[in-house]
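Accompanying notes for the structure given below.
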Amino acid sequence: PHLKASTSLSFSLSLQAKMSRPVQARRLEGIDKNIWVELVKLAATYSKVNLGQGFPDFPAPAFLTEAFTRALGGGNHMLHQYTRAFGHPPLVKVLAQFFEKLLGRDVDPMTNVMVTVGAYQALFCCFQALVDEGDEVIIIEPFFDCYEPMVKMAGGTPVFVPLRPNPPKDGKLMSSADWQLDPAELASKFSERTKAIVLNSPNNPLGKVFSRGELGLIAELCVKHDVLCISDEVYEWLVYDGKQHIRIASLQGMWDRTVIVGSAGKTFSATGWKVGWVVGPDRLLQHLRTVHQNSVYHCATIAQEAVAQGFQRELMLYGKPESYFVQLPKELQQKRDWLVQRLDSVGMKPIIPEGTYFLVADISQFKSDVPDVPNSDEPYDHRFIKWMVKNKGLAAIPLSAFYSKAHKNNYTNFIRFCFAKEEATLKAANDILQKWKQEKTSS
Ligand code: PMP
């Protein structure tokens, strides 16, 4: 009230002037646009049936939700407080026991395991802790999209190497196993600048489960060039047709250079809980602990307690028919087979996935409904998805969203469906596709 008008005017001008300073940190340059934001919003606005984002719409198993309820109201009020930063002791202990079994080696709960806020934060810790300015990180395409921005935020340079499709000659449907690395091309990406390779098996979006031979090739190159391996194995239990998920950390020379990333969200069909973990040697994990300690500190105690109980149950039932890790893939395989058959019947040729929640399908026969716009920046499959969501009410994800900018336009004839859905959801999707097909044939 004591300021004269002119003084207060110049005061407010100077306040405004200060706001012209750039606010965005340089590390965010080029990664601020994200196609997922648009696709998720589009699906929420228009879709009647959503086979887009990767999460189940069926309930998590009762033993898990009951464990959560017990943890919440069971009288141990300390479960509402902070727990150990690097993982709630019961959870790291049971994870260590489980991974000892899976890897056939000693795993120390305190130094070889860390609990994270979902696999997302596990990945973030890996890149922040292990990648320096100027380091190269090899990423196999198509890839879970956050790898690229996470490498860049750490100051690293992503180097892409594609899985190349080799369609079977006998006219059979393609399988995710038909998408393979070219060994010479892969080897050519390794150099003294390479710090790490990201491996995702079973792979999102293709559902490819890397074979022992393919993993052996990657392992050999990692050892030869002293390269680390960030092994995203969130779909480790979702492997079909009796195939085996092989952990690259169990191959010769790999334990000491591998961080295994896992997710309770995918493992127990509870993606909203955001409990994940890393398993690996202390020489790597000690640096991940520094990032974790100084960023999120730890993830919800009650969720960790419930996941620990889930794993204790699974440890007891390991390999038995009642095990969730035996039942879930069985159920999902049936859903996969059903959707494969339905997609094939309308001519949206599916690539049969060997694992994961996902199935990629070829949209070539549906292209006449959604004309291309030549010289557009937008990949064709993006436009196709937008059209399909708006006009048919069915949401899926364009495959090009899983490719780097330079390679996006080589893969625009495919879309990804998530089949970890209730029967009713899958049937509703099928109804839309069958009707669409009929309209096409009658027009
Ligand atoms: N890695 C891959 C390959 C994924 O598909 C996902 C989830 N879509 C994650 C990591 C992230 O897992 P979480 O939900 O546990 O953070």
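Atoms within each ligand, like the ligands themselves, are counted from 1 in listed order.
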Quick test of your reading: applying side chain to side chain donor-acceptor pair (under 3.5 Å), list the pairs with at least one residue in residues 113-129, sequence neighbours left out, ordered by first then second residue. Gln121-His292
Grab the two heavy atoms, one from Phe268 and one from Ala60, that are nearest each other, plus how far apart they are. O-CB, 3.7 Å
Can you name the closest pair of heavy atoms from Pro90 and Glu305 and give their distance? CG-OE1, 3.8 Å
Quick one: table the atom pairs, ligand 1 N or O against protein N or O, below 3.5 Å, distance rounded to 0.1 Å.
unit_1   : atom_1 : unit_2 : atom_2 : d
ligand 1 : 1 (N)  : Asp232 : OD1    : 3.4
ligand 1 : 1 (N)  : Asp232 : OD2    : 2.6
ligand 1 : 5 (O)  : Asn204 : ND2    : 2.9
ligand 1 : 5 (O)  : Tyr235 : OH     : 2.7
ligand 1 : 8 (N)  : Lys266 : NZ     : 3.0
ligand 1 : 15 (O) : Ala119 : N      : 2.8
ligand 1 : 15 (O) : Ser263 : OG     : 2.7
ligand 1 : 16 (O) : Ala119 : N      : 3.0
ligand 1 : 16 (O) : Tyr120 : N      : 3.0
ligand 1 : 16 (O) : Lys274 : NZ     : 2.7

For residues Arg257 and Cys229, determine if any side-chain heavy atom of one lies less than 4.5 Å from a side-chain heavy atom of the other. no
Result of checking Phe419, Tyr235, Phe417, Phe58 against Tyr357 for ring pair (Phe, Tyr, Trp, His ring centres under 6.0 Å): Tyr235
Within 45° of the ring axis of Trp255 and under 6.0 Å from its six-membered ring centre, is that where the NZ or CZ of Arg105 lies? yes
